[in-house]
There are 4 protein chains.
Amino acid sequence: MGDTMDGTKHQRRGNTRQRIQDVALKLFAEQGYEKTSLREIAEHLDVTKAALYYHFKTKEEIIVSLFEDLTQPIEDLIEWGRSQPHTLETKQEIVRRYSAALAGAQPLFRFMQENQATVRELRIGDTFKERMKGLKEIIIDPEAEMVDQVRSISALFTLHAGMFVLADLEGDPEKKREAVLEVAVDLVTQAHEGARGRR
Amino acid sequence: MGDTMDGTKHQRRGNTRQRIQDVALKLFAEQGYEKTSLREIAEHLDVTKAALYYHFKTKEEIIVSLFEDLTQPIEDLIEWGRSQPHTLETKQEIVRRYSAALAGAQPLFRFMQENQATVRELRIGDTFKERMKGLKEIIIDPEAEMVDQVRSISALFTLHAGMFVLADLEGDPEKKREAVLEVAVDLVTQAHEGARGRR
Amino acid sequence: MGDTMDGTKHQRRGNTRQRIQDVALKLFAEQGYEKTSLREIAEHLDVTKAALYYHFKTKEEIIVSLFEDLTQPIEDLIEWGRSQPHTLETKQEIVRRYSAALAGAQPLFRFMQENQATVRELRIGDTFKERMKGLKEIIIDPEAEMVDQVRSISALFTLHAGMFVLADLEGDPEKKREAVLEVAVDLVTQAHEGARGRR
Amino acid sequence: MGDTMDGTKHQRRGNTRQRIQDVALKLFAEQGYEKTSLREIAEHLDVTKAALYYHFKTKEEIIVSLFEDLTQPIEDLIEWGRSQPHTLETKQEIVRRYSAALAGAQPLFRFMQENQATVRELRIGDTFKERMKGLKEIIIDPEAEMVDQVRSISALFTLHAGMFVLADLEGDPEKKREAVLEVAVDLVTQAHEGARGRR
DNA sequence: TATGAATGAGCTTTCATTCAT
DNA sequence: GATGAATGAAAGCTCATTCAT
């Protein structure tokens, strides 16, 4: 198998790992992590379960690898954010970049959003939490009023929710993303100015 | 069995159904639906698995029953909303009442939020979706600009997120709830006036 | 419950035992013994499982009671047969009476025929076997040629099979029964004369 | 595991599927389908239940596979029968071949005979019924008198019953089989000539 | 790089049965 | 004459994982 000269079948030239990740992410996002079995993934790829174990030591490692491969941009974003001054412009830029980062790994974030209970028990849970904390730190002014802190967090959540909930809403997807972004930027701006305004 | 005078053990006088619901909800919210086995629930209650089946026909029915018992207030809210004029005051009141309703069934909503992938496959999935649609309809002005529609949805999601994400944030819980509510009311107000203001 | 003066509901005046037997036999015959649960029987009667246990000590006892109540005619037939001379007329009469007896307890015999593997393990298994042995003894001449012994047994089995297999065959039921009877009588006659003829 | 040189244990070289079928058929025939659990089969083979599921998707598939593997001769017989003229010789030959076919798959047919209620609910039920219909069609003259139709069916049933009921009867097995066959051939002959004779 | 064969643990569910009321 | 509540045992089945080849 996989050894035909013409390569009609099984032309996988070492990209199996990739294909596993792709299929797994798709299924995890659609059905949830626990409801997706390795058998199912294997069948979709027309390989055996054992083959998956050649590429990944456990089921968990598949989702971990996806997480690590796809969330680098967010890690980068946080690092960038930390080096910037806490100005309004910075915060707005962070929101913009975060929106772009989310859009770039939609299925993963959909998965994370819809399987929080599961994620919490997985190894990625803590990493994710820390990342969220990092984001908060660079966007929230710890001395601001509670309302404004909530506003900042709300900005982030608006971006998250925007990705999935708005799927039901009619309208051009690109326009929707822009609208979501505008609201988020707005929130972060109000948070920033509120803090300043009330001084 | 069930014969001790002090009633310490086995004082189950017909409250077993309730106790099952309580424990199940707690565990479902903590660990997720699939990761919570009936064995685990039964052990927590010191009964056998079979006893669960005396009270509920399936595992799914447990969560369904919780859903039906606990979401009545929201159904009522939607019905009330439909009968009101689409004024700003109404929308604000809806947000306030929704906040209260969420607070009244925290664990269930935490479960729903954190197990969306699971819920979607369960029988409650559709009901929940429709309920959300109902909420949107009474809070969103379909002729408003996209940004304002997003703002309205963001208000709802701020309430949702507020319940759980803010747990990490330090501060008095009651104060936090008020802050969240204020932001949500703000958003819905902006949505309403934006629509009006730009006319 | 069951105590209303008008008796609209639960007018069962002590005939519950009967009703259990009726429903049980119907279900056992339709679905088999193992596939029929006490829950199912109870639901058909609109009583609880526990009620069945008031009338019968075990599930097995239900089928045993049916067997005992319904196979008396065959026991009688055998006793009668034993007291008769082993003439052709006797044998023919036995076949005729056996046919009538089978017709009188169709569902039970259908059950016995279609659940032999089960029956064998039940308490009635041995009783049934002995009854069959009794029948054979009064219809088979132990000194006859093997072929003629087979013919006698075949006569009995033709009657058995006739009851169920012929259901598929088109034609008036009464006519079919007569035809079956004729073939059986024929077989037993040939068996008797063959034995005699070859002497 | 599976590494001993002498191969006493775990010499399973791919014959496990076969061994499962063998043991399963034996137990199904002895105790009935429902009373035979997969645990029991697995224990007899000294493997785990899960191993059975590697080879068969469900319990039902085990019996289905047996049916498909073992009833080919009968299917062939029916096909052959259809291509032959409806002469007496053909019918007699069919009876003879059917007798041989039954003898070749005794345990399966014993199972089918003794678990009819179960078989009816299984996937093989319909196939079996059709096969029986096929047999009837090539052996019964639809224009013959009812008695003669019954005689033909009786021939088939004599063969069936012969296999099991006669186990109790003393005498050389081979002789018994011959006797049964003779009676069956006789019946089919009478059926054929009766039809002819009464014209 | 993969497969074939298997395992051990665990799952949801069903069943016959019991017993205090 | 019956119910409500529960049990212990077992069933069929699925899953992540292993390992020799």
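Chain letters run A, B, ... following the sequence lines, proteins first, then strands; residues in each count from 1. Please read these numbers as outputs of a predicted model, since none were measured by experiment.
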K.L.:
Please state how far atom CZ in C:Arg17 lies from atom C1' in F:dA2, giving the value in whole angstrom units.
P.N.:
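Going from C:Arg17 (CZ) to F:dA2 (C1'), I get 16 Å.
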K.L.:
Please work out whether the ring planes of C:Phe67 and C:Phe128 are parallel, tilted or perpendicular, with thresholds of 30° and 60°.
P.N.:
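The rings of C:Phe67 and C:Phe128 stand perpendicular, inter-plane angle above 60°.
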K.L.:
Would you say the side-chain atoms of B:Tyr33 pair up with the backbone N or O of B:Ile63, donor to acceptor, closer than 3.5 Å?
P.N.:
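No, because the side chain of B:Tyr33 does not come within donor-acceptor range (under 3.5 Å) of the backbone of B:Ile63.
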K.L.:
Using whole Å, report how far CD of A:Glu43 lies from C1' of F:dC15.
P.N.:
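The answer, rounded to whole Å, is 13 Å.
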K.L.:
Is the base of E:dT17 touched by the side chain of C:Lys49 through a donor-acceptor pair closer than 3.5 angstrom?
P.N.:
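Yes, a donor-acceptor pair under 3.5 Å.
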K.L.:
Between F:dA6, F:dC13, E:dT18, spot the one nearest the side chain of C:Tyr53, thanks.
P.N.:
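Closest of the options to the side chain of C:Tyr53: E:dT18.
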K.L.:
Searching all strands shown, indicate the nucleotide that pairs with E:dT18 (Watson-Crick or G-U wobble; both distances under 3.5 Å).
P.N.:
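Checking every strand shown, E:dT18 finds its partner in F:dA5, with both distances under 3.5 Å.
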K.L.:
Among the nucleotides F:dG4, E:dC15, E:dG8, which one has an atom lying closest to any side-chain atom of C:Arg39?
P.N.:
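The nucleotide sitting nearest to the side chain is E:dC15.
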K.L.:
Does C:Tyr53 have C:Lys59 sitting over its ring (NZ/CZ under 6.0 Å from centre, angle to axis within 45°)?
P.N.:
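Negative - C:Lys59 is either too far from the ring of C:Tyr53 or too far off its axis.
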K.L.:
Assign each of D:Glu40 and A:Lys59 to its nearest nucleotide of DNA chain F by heavy atoms, then name whichever residue's nucleotide is nearer the 5' end.
P.N.:
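Final value for this comparison: D:Glu40.
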K.L.:
Taking the minimum atom-to-atom distance to the side chain of B:Tyr54, which one of F:dA6, E:dT14, E:dG4 wins?
P.N.:
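The answer is F:dA6, which lies nearest to the side chain.
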K.L.:
Tell me the interatomic distance from C:Leu52, atom CG, to F:dG4, atom C1', rounded to whole angstroms.
P.N.:
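My rounded result for the distance is 15 Å.
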K.L.:
Go through F:dG8, F:dA16, F:dA2 for me and flag the one nearest to the A:Leu38 side chain.
P.N.:
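So the nucleotide nearest the side chain must be F:dA16.
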K.L.:
Distance check: side-chain N/O of A:His55 vs OP1/OP2 of E:dA2, anything under 4.0 Å?
P.N.:
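Answer is yes, contact under 4.0 Å.
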K.L.:
Compute whether any side-chain donor of one residue and acceptor of the other, for A:Gln113 and B:Gln113, lie under 3.5 angstrom apart.
P.N.:
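The criterion, which ignores hydrogens and geometry beyond distance, is not satisfied for B:Gln113 and A:Gln113.
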K.L.:
Please confirm whether the shortest side-chain N or O distance from A:Thr48 to OP1 or OP2 of E:dA2 is below 4.0 Å.
P.N.:
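Answer is no, no contact under 4.0 Å.
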K.L.:
Taking the nucleotide of DNA chain E with the closest heavy atom to each, which residue, D:Ala51 or C:Thr58, is nearer the 5' end?
P.N.:
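Final value for this comparison: D:Ala51.
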